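Values reported hereafter were calculated over all heavy atoms of this structure, with side chains retained and with hydrogens, waters and symmetry mates removed. Numbers here simply count residues along the sequence, with the first being 1. These figures come from a predicted structure and were not determined experimentally.
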Amino acid sequence: MKQSGFFDVEERLARLSGLGDQLEAFSQTVDFEVFRPDLEKALAYSDGSKGGRPPFDPVLMFKILVIQTLNNLSDERTEYLINDRLSFMRFLGLGLSDRVPDAKTVWLFRERLTQACAIERLFDRFDVILRNAGYLPMSGQILDATLVAAPKQRNTNAEKADLRAGRIPEDWQDKPSKLSHKDRHARWTLKFTKAKRQDDGSMPATDLAIPFFGYKSHVSIDRKFRLIRKWKTTDAAASDGARLREGLLDKTNTASSVWADTAYRSKANEDFMEKHGFVSKVHGKKPHLKPMPRHIQKSNTGKSVIRSRVEHVFADQKSQTGLFVRTVGITRATMRIGLANIVYNMRRFLFLERLNASA
(Lines give C-alpha, C1' and ligand atoms only; values in the text may rest on other atoms or scores of the structure.)
Protein backbone atom coordinates (compact mmCIF):
# COMPACT_ATOMS: atom_id res chain seq x y z
CA MET A 1 0.00 0.00 0.00
CA LYS A 2 1.40 3.38 -1.00
CA GLN A 3 2.17 5.72 1.90
CA SER A 4 0.56 9.13 1.56
CA GLY A 5 2.81 12.16 1.51
CA PHE A 6 2.50 15.93 1.74
CA PHE A 7 1.62 16.41 -1.92
CA ASP A 8 -1.07 13.71 -1.72
CA VAL A 9 -2.79 15.65 1.09
CA GLU A 10 -2.49 18.90 -0.85
CA GLU A 11 -3.99 17.25 -3.91
CA ARG A 12 -6.93 15.95 -1.88
CA LEU A 13 -7.53 19.39 -0.34
CA ALA A 14 -7.45 20.97 -3.80
CA ARG A 15 -10.08 18.48 -4.93
CA LEU A 16 -12.24 19.37 -1.91
CA SER A 17 -11.95 23.04 -2.87
CA GLY A 18 -13.06 22.23 -6.39
CA LEU A 19 -16.09 20.36 -5.07
CA GLY A 20 -17.14 23.40 -3.01
CA ASP A 21 -15.90 23.19 0.57
CA GLN A 22 -18.28 25.36 2.62
CA LEU A 23 -15.83 25.64 5.50
CA GLU A 24 -13.13 26.96 3.19
CA ALA A 25 -15.59 29.61 1.99
CA PHE A 26 -16.26 30.48 5.64
CA SER A 27 -12.55 30.99 6.24
CA GLN A 28 -12.23 33.24 3.20
CA THR A 29 -15.31 35.35 4.01
CA VAL A 30 -15.46 35.57 7.83
CA ASP A 31 -12.59 37.03 9.85
CA PHE A 32 -12.80 34.83 12.95
CA GLU A 33 -10.05 36.84 14.67
CA VAL A 34 -12.60 39.58 15.46
CA PHE A 35 -14.13 37.23 18.03
CA ARG A 36 -10.85 36.88 19.97
CA PRO A 37 -11.29 39.84 22.39
CA ASP A 38 -14.78 38.69 23.44
CA LEU A 39 -13.65 35.06 23.74
CA GLU A 40 -10.63 35.93 25.86
CA LYS A 41 -12.70 38.18 28.11
CA ALA A 42 -15.33 35.48 28.64
CA LEU A 43 -12.83 32.67 29.21
CA ALA A 44 -10.55 34.67 31.54
CA TYR A 45 -7.69 32.18 31.28
CA SER A 46 -4.72 32.60 33.63
CA ASP A 47 -1.43 33.91 32.30
CA GLY A 48 0.19 30.47 32.57
CA SER A 49 2.65 31.50 35.29
CA LYS A 50 1.52 28.57 37.45
CA GLY A 51 2.49 26.06 34.78
CA GLY A 52 0.37 23.30 33.32
CA ARG A 53 -0.59 22.55 29.76
CA PRO A 54 -1.61 25.74 27.91
CA PRO A 55 -5.24 25.90 26.75
CA PHE A 56 -6.20 25.55 23.11
CA ASP A 57 -6.45 28.76 21.14
CA PRO A 58 -9.93 30.27 21.83
CA VAL A 59 -10.55 31.14 18.17
CA LEU A 60 -9.78 27.54 17.17
CA MET A 61 -12.22 26.32 19.83
CA PHE A 62 -14.90 28.74 18.67
CA LYS A 63 -14.48 27.48 15.12
CA ILE A 64 -15.05 23.98 16.47
CA LEU A 65 -18.40 25.17 17.87
CA VAL A 66 -19.21 26.52 14.40
CA ILE A 67 -18.43 23.11 12.86
CA GLN A 68 -20.52 21.43 15.54
CA THR A 69 -23.49 23.73 14.93
CA LEU A 70 -23.27 23.49 11.14
CA ASN A 71 -23.42 19.70 11.27
CA ASN A 72 -25.54 19.16 14.42
CA LEU A 73 -22.82 17.08 16.08
CA SER A 74 -22.41 15.80 19.62
CA ASP A 75 -19.11 16.51 21.37
CA GLU A 76 -17.91 12.93 20.86
CA ARG A 77 -18.82 12.94 17.19
CA THR A 78 -17.14 16.32 16.77
CA GLU A 79 -13.87 14.98 18.18
CA TYR A 80 -14.00 11.96 15.86
CA LEU A 81 -14.77 13.92 12.69
CA ILE A 82 -12.07 16.54 13.31
CA ASN A 83 -9.58 13.68 13.39
CA ASP A 84 -11.17 12.08 10.35
CA ARG A 85 -11.92 14.92 7.91
CA LEU A 86 -9.34 16.95 6.05
CA SER A 87 -11.85 19.75 5.44
CA PHE A 88 -12.37 20.15 9.21
CA MET A 89 -8.61 20.17 9.83
CA ARG A 90 -8.01 22.79 7.15
CA PHE A 91 -10.75 25.03 8.56
CA LEU A 92 -9.19 24.79 12.03
CA GLY A 93 -5.63 25.21 10.77
CA LEU A 94 -4.57 21.81 12.10
CA GLY A 95 -2.06 19.45 10.55
CA LEU A 96 -2.17 15.66 10.65
CA SER A 97 0.29 15.60 13.55
CA ASP A 98 -1.33 18.39 15.62
CA ARG A 99 -3.17 17.71 18.85
CA VAL A 100 -6.97 17.76 18.51
CA PRO A 101 -9.24 18.85 21.39
CA ASP A 102 -11.16 15.93 22.85
CA ALA A 103 -14.90 15.86 23.58
CA LYS A 104 -14.44 16.91 27.21
CA THR A 105 -12.37 19.94 26.18
CA VAL A 106 -15.08 21.01 23.71
CA TRP A 107 -17.74 20.65 26.42
CA LEU A 108 -15.71 22.64 28.95
CA PHE A 109 -15.05 25.43 26.44
CA ARG A 110 -18.73 25.75 25.52
CA GLU A 111 -19.73 25.54 29.19
CA ARG A 112 -17.34 28.34 30.11
CA LEU A 113 -18.79 30.57 27.41
CA THR A 114 -22.29 29.62 28.54
CA GLN A 115 -21.68 30.53 32.18
CA ALA A 116 -20.13 33.84 31.08
CA CYS A 117 -23.27 34.59 28.99
CA ALA A 118 -20.91 35.34 26.10
CA ILE A 119 -23.19 34.30 23.24
CA GLU A 120 -24.98 37.67 23.09
CA ARG A 121 -21.66 39.53 22.78
CA LEU A 122 -20.42 37.13 20.11
CA PHE A 123 -23.65 37.59 18.15
CA ASP A 124 -23.37 41.37 18.41
CA ARG A 125 -19.73 41.20 17.32
CA PHE A 126 -20.66 39.43 14.10
CA ASP A 127 -23.53 41.86 13.55
CA VAL A 128 -20.92 44.65 13.52
CA ILE A 129 -19.07 42.74 10.77
CA LEU A 130 -22.29 42.55 8.74
CA ARG A 131 -22.95 46.26 9.13
CA ASN A 132 -19.37 47.17 8.20
CA ALA A 133 -19.75 45.04 5.07
CA GLY A 134 -22.73 47.17 4.07
CA TYR A 135 -25.56 44.91 5.26
CA LEU A 136 -27.44 47.42 7.38
CA PRO A 137 -30.90 46.57 8.74
CA MET A 138 -33.18 47.94 6.02
CA SER A 139 -36.76 47.98 4.72
CA GLY A 140 -38.39 47.13 8.03
CA GLN A 141 -38.34 43.97 10.14
CA ILE A 142 -40.20 40.68 10.49
CA LEU A 143 -40.84 38.91 13.81
CA ASP A 144 -41.66 35.26 14.43
CA ALA A 145 -40.89 32.32 16.70
CA THR A 146 -40.33 28.59 16.31
CA LEU A 147 -40.34 25.66 18.70
CA VAL A 148 -37.04 23.92 19.40
CA ALA A 149 -37.25 20.38 20.74
CA ALA A 150 -35.41 19.22 23.87
CA PRO A 151 -35.13 15.74 25.46
CA LYS A 152 -38.46 14.89 27.07
CA GLN A 153 -38.63 14.69 30.86
CA ARG A 154 -40.44 11.92 32.73
CA ASN A 155 -41.91 13.67 35.77
CA THR A 156 -44.84 12.92 38.05
CA ASN A 157 -47.83 15.26 38.21
CA ALA A 158 -46.64 16.56 41.59
CA GLU A 159 -43.18 17.30 40.16
CA LYS A 160 -44.73 19.09 37.19
CA ALA A 161 -46.82 21.24 39.54
CA ASP A 162 -43.71 22.20 41.53
CA LEU A 163 -41.83 23.12 38.35
CA ARG A 164 -44.68 25.26 37.08
CA ALA A 165 -44.69 27.09 40.42
CA GLY A 166 -40.93 27.68 40.19
CA ARG A 167 -40.07 25.22 42.96
CA ILE A 168 -37.57 22.36 43.00
CA PRO A 169 -39.40 19.10 43.80
CA GLU A 170 -38.56 17.93 47.30
CA ASP A 171 -37.41 14.51 46.12
CA TRP A 172 -34.75 16.14 43.89
CA GLN A 173 -33.20 18.45 46.46
CA ASP A 174 -31.06 15.81 48.17
CA LYS A 175 -30.15 14.11 44.87
CA PRO A 176 -27.76 16.46 43.03
CA SER A 177 -27.03 13.88 40.34
CA LYS A 178 -30.73 13.55 39.49
CA LEU A 179 -31.24 17.30 39.68
CA SER A 180 -28.44 17.94 37.18
CA HIS A 181 -30.25 15.78 34.60
CA LYS A 182 -33.66 17.38 35.07
CA ASP A 183 -34.59 20.29 32.83
CA ARG A 184 -36.53 22.69 35.06
CA HIS A 185 -36.96 25.37 32.40
CA ALA A 186 -38.28 23.59 29.30
CA ARG A 187 -42.07 23.34 29.09
CA TRP A 188 -44.81 21.41 27.32
CA THR A 189 -47.05 23.17 24.83
CA LEU A 190 -49.33 22.28 21.92
CA LYS A 191 -48.09 22.56 18.36
CA PHE A 192 -50.95 23.12 15.93
CA THR A 193 -50.64 21.84 12.38
CA LYS A 194 -53.11 22.09 9.52
CA ALA A 195 -55.36 19.06 9.21
CA LYS A 196 -54.73 16.93 6.14
CA ARG A 197 -57.39 15.82 3.71
CA GLN A 198 -58.69 12.31 4.43
CA ASP A 199 -58.62 9.41 1.96
CA ASP A 200 -62.30 9.95 1.17
CA GLY A 201 -61.61 13.59 0.25
CA SER A 202 -63.18 15.12 3.36
CA MET A 203 -61.43 17.63 5.61
CA PRO A 204 -61.39 17.22 9.44
CA ALA A 205 -63.30 19.92 11.30
CA THR A 206 -60.30 20.91 13.43
CA ASP A 207 -56.54 21.17 13.01
CA LEU A 208 -54.17 18.78 14.77
CA ALA A 209 -52.74 19.65 18.20
CA ILE A 210 -49.48 17.82 18.92
CA PRO A 211 -47.84 17.93 22.38
CA PHE A 212 -44.36 19.47 22.22
CA PHE A 213 -41.61 19.78 24.84
CA GLY A 214 -38.70 22.18 24.71
CA TYR A 215 -37.92 25.82 24.08
CA LYS A 216 -38.88 28.61 21.73
CA SER A 217 -36.59 30.70 19.53
CA HIS A 218 -37.84 34.24 18.88
CA VAL A 219 -36.17 36.26 16.13
CA SER A 220 -36.43 39.57 14.32
CA ILE A 221 -34.96 39.68 10.81
CA ASP A 222 -34.52 42.64 8.51
CA ARG A 223 -36.69 42.57 5.41
CA LYS A 224 -33.91 43.56 2.98
CA PHE A 225 -31.21 40.97 3.70
CA ARG A 226 -33.09 38.45 5.91
CA LEU A 227 -30.38 38.50 8.55
CA ILE A 228 -31.25 37.87 12.19
CA ARG A 229 -30.85 41.16 14.08
CA LYS A 230 -32.51 40.45 17.43
CA TRP A 231 -33.29 37.17 19.16
CA LYS A 232 -34.47 35.70 22.42
CA THR A 233 -34.88 32.22 23.94
CA THR A 234 -37.80 31.21 26.16
CA ASP A 235 -39.55 28.03 27.23
CA ALA A 236 -41.92 26.53 24.66
CA ALA A 237 -45.07 27.70 26.49
CA ALA A 238 -44.09 31.40 26.51
CA SER A 239 -46.32 33.80 24.60
CA ASP A 240 -44.99 35.02 21.26
CA GLY A 241 -46.65 38.42 21.42
CA ALA A 242 -45.22 39.53 24.77
CA ARG A 243 -41.65 39.14 23.48
CA LEU A 244 -42.18 42.04 21.06
CA ARG A 245 -41.93 44.42 24.02
CA GLU A 246 -38.84 42.69 25.47
CA GLY A 247 -36.12 43.98 23.17
CA LEU A 248 -37.04 42.04 20.05
CA LEU A 249 -37.54 45.15 17.90
CA ASP A 250 -34.50 46.64 16.17
CA LYS A 251 -34.49 50.43 16.48
CA THR A 252 -31.56 50.76 14.05
CA ASN A 253 -33.56 49.54 11.05
CA THR A 254 -33.77 52.22 8.37
CA ALA A 255 -37.53 51.67 8.01
CA SER A 256 -40.16 51.59 10.75
CA SER A 257 -42.52 48.86 9.48
CA VAL A 258 -42.94 45.69 11.58
CA TRP A 259 -44.50 42.51 10.11
CA ALA A 260 -45.73 39.64 12.29
CA ASP A 261 -48.56 37.11 12.47
CA THR A 262 -51.70 37.39 14.61
CA ALA A 263 -49.92 36.08 17.73
CA TYR A 264 -48.35 39.54 18.00
CA ARG A 265 -51.65 41.45 17.59
CA SER A 266 -52.63 43.04 20.89
CA LYS A 267 -53.46 46.52 22.15
CA ALA A 268 -50.34 46.50 24.33
CA ASN A 269 -48.14 45.76 21.32
CA GLU A 270 -49.89 48.28 19.08
CA ASP A 271 -49.48 50.99 21.71
CA PHE A 272 -45.84 50.03 22.28
CA MET A 273 -44.99 50.24 18.57
CA GLU A 274 -46.78 53.54 18.15
CA LYS A 275 -45.00 54.99 21.19
CA HIS A 276 -41.55 53.97 19.89
CA GLY A 277 -42.07 55.10 16.30
CA PHE A 278 -42.80 51.74 14.62
CA VAL A 279 -45.51 51.19 12.02
CA SER A 280 -47.52 48.03 12.65
CA LYS A 281 -47.98 45.62 9.75
CA VAL A 282 -49.14 42.86 12.09
CA HIS A 283 -51.84 40.53 10.76
CA GLY A 284 -55.40 41.36 11.81
CA LYS A 285 -57.37 38.83 13.84
CA LYS A 286 -60.65 37.19 12.91
CA PRO A 287 -63.54 38.53 15.02
CA HIS A 288 -64.86 36.06 17.59
CA LEU A 289 -67.65 33.85 16.20
CA LYS A 290 -67.85 35.99 13.07
CA PRO A 291 -66.51 35.53 9.54
CA MET A 292 -63.31 37.30 8.62
CA PRO A 293 -64.13 40.71 7.10
CA ARG A 294 -63.06 40.90 3.50
CA HIS A 295 -60.87 44.00 3.97
CA ILE A 296 -58.92 42.34 6.80
CA GLN A 297 -58.55 39.15 4.75
CA LYS A 298 -57.23 41.12 1.79
CA SER A 299 -54.85 43.10 4.02
CA ASN A 300 -53.50 39.92 5.63
CA THR A 301 -52.91 38.35 2.22
CA GLY A 302 -50.71 41.28 1.19
CA LYS A 303 -48.82 41.21 4.49
CA SER A 304 -48.21 37.44 4.22
CA VAL A 305 -46.13 37.92 1.07
CA ILE A 306 -43.54 39.78 3.17
CA ARG A 307 -44.05 38.10 6.56
CA SER A 308 -43.50 34.61 5.13
CA ARG A 309 -39.83 35.40 4.49
CA VAL A 310 -39.02 34.71 8.13
CA GLU A 311 -40.17 31.11 7.69
CA HIS A 312 -37.15 30.52 5.44
CA VAL A 313 -34.86 31.33 8.38
CA PHE A 314 -36.33 28.61 10.57
CA ALA A 315 -36.51 26.16 7.67
CA ASP A 316 -32.81 26.73 6.99
CA GLN A 317 -31.86 26.24 10.64
CA LYS A 318 -33.84 23.03 11.03
CA SER A 319 -33.07 21.45 7.67
CA GLN A 320 -29.42 22.49 7.29
CA THR A 321 -28.19 22.47 10.91
CA GLY A 322 -30.82 20.26 12.58
CA LEU A 323 -31.66 22.76 15.31
CA PHE A 324 -32.21 20.76 18.51
CA VAL A 325 -31.35 21.29 22.18
CA ARG A 326 -29.38 18.41 23.67
CA THR A 327 -28.55 20.17 26.93
CA VAL A 328 -30.37 20.86 30.21
CA GLY A 329 -31.59 24.32 31.27
CA ILE A 330 -32.45 27.56 29.53
CA THR A 331 -28.92 29.01 29.89
CA ARG A 332 -27.44 26.21 27.80
CA ALA A 333 -30.43 26.28 25.43
CA THR A 334 -29.77 30.00 24.88
CA MET A 335 -26.16 29.17 24.01
CA ARG A 336 -27.27 26.50 21.52
CA ILE A 337 -29.87 28.71 19.84
CA GLY A 338 -27.51 31.70 19.85
CA LEU A 339 -24.85 29.66 18.06
CA ALA A 340 -27.45 28.54 15.52
CA ASN A 341 -28.35 32.19 14.89
CA ILE A 342 -24.70 33.19 14.42
CA VAL A 343 -24.09 30.30 12.03
CA TYR A 344 -27.25 31.15 10.08
CA ASN A 345 -26.03 34.74 9.68
CA MET A 346 -22.62 33.46 8.57
CA ARG A 347 -24.21 31.25 5.92
CA ARG A 348 -26.47 34.09 4.81
CA PHE A 349 -23.48 36.45 4.69
CA LEU A 350 -21.65 33.97 2.48
CA PHE A 351 -24.67 33.76 0.16
CA LEU A 352 -25.02 37.56 -0.06
CA GLU A 353 -21.32 38.01 -0.81
CA ARG A 354 -21.50 35.45 -3.62
CA LEU A 355 -24.60 37.19 -4.97
CA ASN A 356 -22.82 40.53 -5.02
CA ALA A 357 -19.73 39.01 -6.65
CA SER A 358 -21.77 37.54 -9.50
CA ALA A 359 -23.82 40.71 -10.07
Working to the nearest 0.5 Å, report the span between [atom1] of [X] and [atom2] of [Y].
X	Y	atom1	atom2	answer
Glu159	Arg154	CD	CZ	13.0 Å
Leu16	Asp21	CG	CG	6.0 Å
Lys230	Leu249	NZ	CG	9.5 Å
Gln317	Tyr344	CD	OH	8.0 Å
Ile142	Ile228	CD1	CD1	12.0 Å
Trp172	Lys175	CH2	NZ	11.0 Å

Indicate yes or no for a side-chain donor-acceptor contact from [X] to the backbone of [Y] under 3.5 Å, with no hydrogens or angles considered.
X	Y	result
Arg307	Lys303	no
Thr334	Ile330	yes
Asp222	Leu227	yes
Lys216	Ala238	yes
Lys63	Phe91	yes
Arg336	Phe324	yes
Gln141	Asn253	no
Arg167	Arg164	no
Asn269	Ser266	no
Thr262	Arg265	no

Indicate the ring-plane relationship of Phe35 and Phe126, choosing parallel, tilted or perpendicular according to the 30° and 60° boundaries.
->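 Correct class here is parallel.
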According to a 4.5 Å side-chain heavy-atom criterion applied to Ile, Leu, Val, Met, Phe, Trp and Tyr, with indirect links allowed, do [X] and [Y] form part of one hydrophobic cluster?
X	Y	value
Phe213	Val325	no
Trp188	Leu190	no
Ile67	Leu81	yes
Val258	Val279	no

Answer yes when [X] and [Y] have at least one side-chain N-carboxylate O distance shorter than 4.0 Å, and no when they do not.
X	Y	value
Arg243	Glu246	yes
Arg348	Asp316	no
Lys104	Glu79	no

Centroid separation Phe272 to Tyr264 less than 6.0 Å =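 Phe272 vs Tyr264: aromatic centres not under 6.0 Å.
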Test Leu113 against Ile119 for side-chain contact (heavy atoms from CB on, under 4.5 Å), laying out the working first.
-> CA-CA 7 Å; Leu113 291 182; Ile119 191 62; over 6 Å; no
[Y] versus [X], side-chain donor and acceptor atoms under 3.5 Å:
X	Y	value
Lys182	Asn155	yes
Thr327	Arg110	no
Asn356	Tyr135	yes
Thr105	Asp102	yes

Kindly determine whether Asn72 and Arg326 satisfy side chain to side chain donor-acceptor pair (under 3.5 Å), including the steps that lead there.
-> CA-CA 10 Å; Asn72 190 26; Arg326 288 189 173 91; 3.2 Å; yes
Apply side chain to side chain donor-acceptor pair (under 3.5 Å) to the pair Thr146 and Lys318, showing each step before the final yes or no.
-> CA-CA 10 Å; Thr146 189; Lys318 293 186 176 182; 2.7 Å; yes
Quick check: are there more than 12 heavy atoms from other residues, nucleotides or ligands sitting under 6.0 Å from NZ of Lys286?
->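 Yes, because the 6.0 Å sphere around NZ of Lys286 holds more than 12 heavy atoms from other groups.
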side-chain contact (heavy atoms from CB on, under 4.5 Å) assessment of Phe109 paired with Leu60 = CA-CA 11 Å; Phe109 176 79; Leu60 178 145; over 6 Å; no
Partners passing salt bridge (charged side-chain N to carboxylate O under 4.0 Å, His left out) against Lys178 (at least two apart in sequence or in another chain) =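 Expected list: Asp171.
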Are Arg131 and Thr252 close enough, and set up right, to give a side chain to side chain donor-acceptor pair (under 3.5 Å), and what steps lead you there?
-> CA-CA 11 Å; Arg131 292 167 187 263; Thr252 66; 3.0 Å; yes
